[in-house]
Amino acid sequence: MASPTTSELLELTAAGALRRIDEGELPADEVFDAYAEVAAAEELNAYLWRAEPGTRPTPPSADESEQLRGLPVAVKDLFCTEGIKTTAGSRILEGYRPPYTATAVRRLSQAGARVLGKTNMDEFAMGSSNENSAYGPVLNPWDRARVPGGSSGGSAAAVAGRLAPWAIGTDTGGSIRQPASLCGIVGLKPTYGAISRYGMVAFASSLDQCGPLTRDVTDAALLLRAMEGRDPLDSTSVGIDGGVELPSREDLGGLRVGVARDFSHHAEGVEPGVAETFERSLATIEQLGGSIEEIELPHAEHGISAYYVLAPAEASANLARYDGVRYGLRVDGVADLVAMYERTRARGFGLEVKRRIMLGTYALSSGYYEAYYGSAQKVRTLIARDFERAFERCDLVVTPTSPSVAFELGARTADPLAMYLSDYFTVPMSLAGIPAISIPAGLAEPPGGGTPLPVGLQLAAPAFAESRLLDAAHALELAIDFQERPA
Ligand code: GLN
């Protein structure tokens, strides 16, 4: 076979590119160079930093068994990269160049991948639309008047918009799965503890988890395999027992798939196009030999309320470190130290981050701690138990990923609650620490009419059952055969 043209090359999955490289049809460096060119000329505001075309970083000599052959990877700007600016989407980190690299990124380079760029994101990963970035919103490649989702919106838009073959992001309450859904790609949040958090700018440490955003399920498995594992630098990391197999399943025979009607259907604000696509996916599951089991997740609908106490509480503690002394921005010109802190934080943080710090500080304050933080922790435990019980009756749980398709820029910025509800379906799995993946399930018209937009299907599995999750997602992906691409 002849070597692919640049536009063919940009359509390949990472596994597809690797195959052609191994077969000698594609020089490995060509892939990096082609992406560096398109990333340099991009118009989605997906990148905050890019490798200069012509200046390919040399991957450290990779382990032969896990060669990613110098393939480019886009990295959310939440991961520390030695000597490369890392902003977490915030002004307060302007000018910060980390002295070390996050373990997830280091593992990818050890496997032979090269960092193509750092992707735009909601400030400190707080948001569902990328509009909370201090560096401007990212545009959705399917419709540039719409959001790509968030907070890993730059990573999702880059992969969907052919500006990167694959990317990594982070998910605290939905930040990989929801943008993957809105951009028509695959997004996996692994089990909490599967991948090291070392070198990830902390938002809510008991929830934050790194994961892949890719064009298909096999690519997600490849990235997960390269990144997972115990890391002495993150005591909460344990890795995935037995590692990660590449998915091969083509049917769902014998698999019991749980649907919680109460949770998935009565949710206010599920768009008709999303509900229809979900029903179609359930029919596909049955055609593939899976059985649909009615299950109950009685506390899942309270996930958002619990999450928006717990995540801000943890964030208020984590973000205390930005004091104008240790990192990035400092607003000087005052004699006293406390005033310097205040001015730096007032100028450096955006509105949503300030809102979360205030919420979190309040929820943790003495006299209110039990009423807010304590109650939210109890709800978290109840949700985790809901899943444990559900998994006695089924192997996987499915829900829509997002109640809506990509919404218009500005549509939810004035209404934080409407924005928070974007994560209605994704937050419970985060609270329970279990793995969940979003795959494209079809296209649906937005409520007001217009160009059809991607709809995601979410599958969740018990902790560390990533192989089961990826296998089922792979079978469904084959059957759904989502071929549509942004123009
Ligand atoms: N959208 C949610 C939030 O704003 C989730 C973000 C995330 O997963 N990082 O907190």
Side-chain angles (χ1 to χ4, degrees), residues 76-79 88-90 119-133 137-138 147-156 167-183 187-190 192 195 197 200-213 269 303-316 318-319 349-360 363 376 380 401-404 406-407 411-413 415-438 456 458 460:
K76 186 180 186 177
D77 206 23
L78 194 82
F79 293 88
S90 184
T119 55
N120 200 350
M121 55 179 284
D122 284 301
E123 185 174 6
F124 288 109
M126 298 174 189
S128 307
S129 69
N130 238 279
E131 293 163 297
N132 296 336
S133 168
V138 177
V147 305
S151 66
S152 310
S155 288
I168 60 170
T170 62
D171 190 312
T172 304
S175 277
I176 289 174
R177 291 160 284 161
Q178 184 258 12
S181 173
L182 271 47
C183 288
L188 168 69
K189 181 202 88 75
Y192 182 82
I195 302 175
R197 287 181 294 112
M200 265 163 57
V201 175
F203 164 13
S205 306
S206 77
L207 297 157
D208 298 342
Q209 185 57 212
C210 157
L213 294 106
I304 288 285
S305 311
Y307 174 87
Y308 277 98
V309 171
L310 297 173
E314 293 188 32
S316 70
N318 273 326
L319 271 55
F349 289 137
L351 285 179
E352 181 62 23
V353 173
K354 287 177 183 162
R355 179 156 39 231
R356 306 260 181 128
I357 293 174
M358 287 189 281
L359 260 170
R380 182 176 189 173
T401 307
S402 158
S404 72
F407 40 93
R412 296 187 189 176
T413 39
D415 185 353
L417 274 182
M419 190 71 89
Y420 296 172
L421 284 171
S422 308
D423 300 306
Y424 177 85
F425 290 121
T426 50
V427 151
M429 294 75 179
S430 298
L431 292 171
I434 61 175
I437 191 168
S438 178
Q458 178 178 231

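In each ligand, atom 1 is the first atom listed, and ligand 1 is the first ligand listed.
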Taking Asn318 for its side chain and Phe203 for its backbone only, find out whether a donor-acceptor pair lies under 3.5 Å.
yes
Only residue of Met126, Met419, Glu131 satisfying side-chain contact (heavy atoms from CB on, under 4.5 Å) with Glu352 is Met126
First locate atom CZ of Phe349, then atom CZ of Phe124, and finally report the distance between them rounded to the nearest 0.5 Å.
5.0 Å
Working to the nearest 0.5 Å, report the span between NZ of Lys354 and CD of Glu123.
9.0 Å
Donor-acceptor side-chain pairing of [X] and [Y] below 3.5 angstrom:
X: Arg197; Y: Tyr192; answer: yes
X: Ser206; Y: Arg380; answer: yes
X: Ser430; Y: Lys189; answer: no
X: Glu314; Y: Ser205; answer: no

From the options Tyr308, Phe203, Phe124, select the one whose nearest heavy atom is closest to atom 3 (C) of ligand 1.
Tyr308
Any idea which atoms of ligand 1 are less than 4.0 Å away from a heavy-atom of [X]?
X: Gly173; value: 5 (C), 7 (C), 8 (O)
X: Ser151; value: 9 (N)
X: Asp171; value: 8 (O)
X: Ala125; value: 6 (C), 7 (C), 9 (N)

For Arg356, is at least one N or O under 3.5 Å away from an N or O on ligand 1?
yes
Please determine if Met126 has a nitrogen or oxygen closer than 3.5 Å to a nitrogen or oxygen of ligand 1.
no
Under 4.0 Å from ligand 1, counting heavy atoms only, is it the side chain of [X], its backbone, both or neither?
X: Ser175; answer: both
X: Asp423; answer: side chain
X: Glu352; answer: neither
X: Tyr307; answer: side chain

Close approach, Ala311 and ligand 1, non-hydrogen under 4.0 angstrom
no
